[in-house]
Every structure is written in C-alpha cells, then in structure tokens.
Number of protein chains: 2
Amino acid sequence: MGRTAVSAEDIKLKLVEAEEPDENDYRLQEQVGFILRKAHQRHVSIFAAHIADLTPPQFAALAKLHDVGETSQNQLGSLIAMDAATVKGVIDRLKARGLVELSKHEVDKRRLLVNLTAEGRKAVERLIPIAREITEETLAPLSSKEAAIFMRLLAKLA
Amino acid sequence: MGRTAVSAEDIKLKLVEAEEPDENDYRLQEQVGFILRKAHQRHVSIFAAHIADLTPPQFAALAKLHDVGETSQNQLGSLIAMDAATVKGVIDRLKARGLVELSKHEVDKRRLLVNLTAEGRKAVERLIPIAREITEETLAPLSSKEAAIFMRLLAKLA
DNA sequence: TTGATATCATTTGCATACGAATGAATTTGA
DNA sequence: TCAAATTCATTCGTATGCAAATGATATCAA
C-alpha cells in the first residue's frame, strides 16, 4: 500500500476507532461476569479442600439455621439466596444425612419448618472455624487493605 | 444477678472475646464466598434479561471461538475455564443449534476440533455489543473508579 | 521398540440453579 | 363473606460444574 493511499476500509476503521475504541475486540477475559464465574469456581474449590463432606450451599443452610433457629423452608431459602426449588434439594439432602429435621407449622399448614438436629448443630459449630479459614484463604491473594476494599465493593455489587 | 457477681460463664465469655472477637458469631452474609455466589447470581440474571437464548457459558464459548478460531474441545475448555465434562455439554448444545460445527483433527485422532458456523459467527457479532451492556449493567452499582479498582482486585482473586 | 505416562474425549453420578406449572392453604378486598 | 390474589411448597425440565472411571491415541524413556 502506498504511503498516501487511503482506502475506504481505512476510513471505516478510523471512524470506528474514534467512536468505539474496541468495537472489534471483545475481551472475554476482562468481562466482570467471566471473572466473577472464575472467582466463584476458585472459592468452591478452596471450600471443598477444607470441607469435603458439605457443599457451600449446604453449609450456608446449616450456618443460617444455627444463626436464626427454626424457619420455614422458603424463608430459609430467601435468607441464603436460594429459590424454592433449589433450597428444597439442599434441605432434602441435609435431612437424609440427619443434620436437619422437618416439621409442619401448626397454624399455617402450608409451611414446612426446618430445624438443626443435635448432630447438625455439632457439625456447624465444628465447621465455623474452618469456614473462617476458607474465607481467609479465598482472600489470600489480596492484602488486608485490598481485601477490605474488595469486600465493600463486592457487597455493593451483590 | 448481683452487681458484683461474676460467674464462670462471664469469665469464659470475656476470655473468648479477648482472643477471638467473634468466635460465637459467624456472619454468613459477610463471607466472601457467600457474596461471590450472590454477585454471580445477579450477573447471570442480568445476562438472561439481555440475552434470553444463550447462557453465559455458551456465549463465552462462542466469543472465544470468534477470538481464536478453530480449537480442540478441551483447549477451548481451558480457555474459558471449563473442565472437559462441562465443555462437552456446552458444545453439544451449541452444535445442536447450528452455532458450531465439529470435525476430527487429521493428525491427532484424539482431538475434536470446534469451529463457528456462519450462523454462529453472525450470532456472536450481533451479541458482542449487548454483552458490553451486560458488563456495564453488572458494574452499574459502582462508580467508574470503584469499578476499575474492583476489576483489578477481582482479577487478582480469580 | 516397547512399556509407562500423558492427553483428549466421553460417560456416569451427584449437586446447585432457575423458569414454569401445579396444588394446597392463606390472606385480601370488594 | 367469598372470589381473587398471594404465599408455600413440590415437581419437571434444562443447564452448568466437577469428580471419577474408561477408552482411544500419542508421547516419552529406558
């Protein structure tokens, strides 16, 4: 191409660059959704390395029950950000393992009450210190200051 | 309880507080894993509101193929952070919809090559601007400065 | 060269995650 | 009060996500 030759294609490229810096170059690896997915994957993997016999959602259910005591299944779901269909599966599996027990609400017959069993309570209390370590290890790539900033911003986003 | 009475229980509580400020009070809602899960859920929901007929992993596969061209299935998986079993399902569904096509590697007969079809290419190119909006909306709760800091720290974490 | 390893892909099994449909029970409002 | 709307829970279908086992092929090393 000659030094002074300017094709229609060149002009189009210039115009595109001027208005929309990276129209032609979408970087998946830099999109927040993609990195969020990877960060979540990493956390789940760290969790599994420390607590092999429970998943993060299962632990969340137990920890929340430990915190608030008896609740209905749906209420528990909303406390731990799970829809009705998802929380049902989680509670079913915890029940099968004897960590929670279910009963009917006396007044409102629609509701299914969930409670920790003695074993469930023992399990949560044993696991909470380990869960703290999991949080620490997940945040380990950041300094304390960075971690504090990150947590503040992440909370705004979630 | 008398004003000066100090029970063994009181002493135990004091000691616990001194060494471990919140030993008895694990706040699920403040744990990075829990908030990461919620932030991810929110992103997926924003994605679905903008792009109803593809999931984020499916779009990731298409966008990456658009970026790098023909690749083996496993290689594609590692580029978009999916294990072999997961990427297989994603590619199968994209293939069933005519967005990608598969062929055998001539030399290495183990490999399954993946390519965008013409339709797949058209779809990605149409969706990339929408994907940019999704990123924007996901980050909308943050100011530009906050978003920049957040992305830097999130990348360190993932 | 060949036996041990490693890689690529598939399959199975299990666990979230969520939309949509359904049914039972409760609450609301005209 | 009673019909409409809402809430609680279940079920079904679809889609990740990953561990583990398997089989085919390729590579490495003795």
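Note: hydrogens, waters and symmetry copies are ignored here, and every other heavy atom, side chains too, is used. Note on naming: letters A, B, ... go to the chains in the order of the sequence lines (proteins, then strands), and numbering restarts at 1 for each one.
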Side chain of A:Q58 (C-beta onward), nearest among D:dA26, C:dT26, C:dA15: C:dA15

A:Q31 side chain near B:R132 side chain, heavy-atom distance below 4.5 Å: no

Atom-pair distance (CD1 on B:I91; C1' on C:dT10), nearest Å: 14 Å

Distance in angstrom units between B:D83 CG and C:dC8 P, rounded: 14 Å

Test applied, side-chain contact (heavy atoms from CB on, under 4.5 Å); reference residue, A:L99; option that passes from A:L116, A:L54, A:V124: A:L54

Base-contact (B) and sugar-phosphate-only (S) positions in nucleotides 4-10 of chain D, heavy-atom cut-off under 4.0 Å, - elsewhere: ---BBSB

DNA chain C contacts among residues 31-49 of chain A, heavy-atom distance under 4.0 Å: none

Test: A:D92 and A:K95 ion pair at under 4.0 Å: no

Phosphate OP1/OP2 of C:dT16 contacted by A:T55 side-chain N/O (<4.0 Å): yes

Integer-rounded Å distance: D:dT14 P and B:L94 CG: 16 Å

Pair B:E70-B:N115, side-chain donor/acceptor within less than 3.5 Å: yes

Rounded distance in Å - NE2 (B:H105) to C1' (D:dA24): 15 Å

Criterion ring pair (Phe, Tyr, Trp, His ring centres under 6.0 Å) on B:F59 and A:F34, from CA distance to verdict: CA-CA 10 Å; B:F59 175 74; A:F34 183 81; over 10 Å; no

Residue pair B:R152, A:E146: steps toward the salt bridge (Lys or Arg N to Asp or Glu O under 4.0 Å) verdict: CA-CA 10 Å; B:R152 184 174 64 78; A:E146 285 175 332; 3.6 Å; yes

Touch class at under 4.0 angstrom, heavy-atom based, for A:V107 against every strand present: sugar-phosphate

Within-4.5 Å side-chain heavy-atom neighbours: A:R111 and A:K104: no

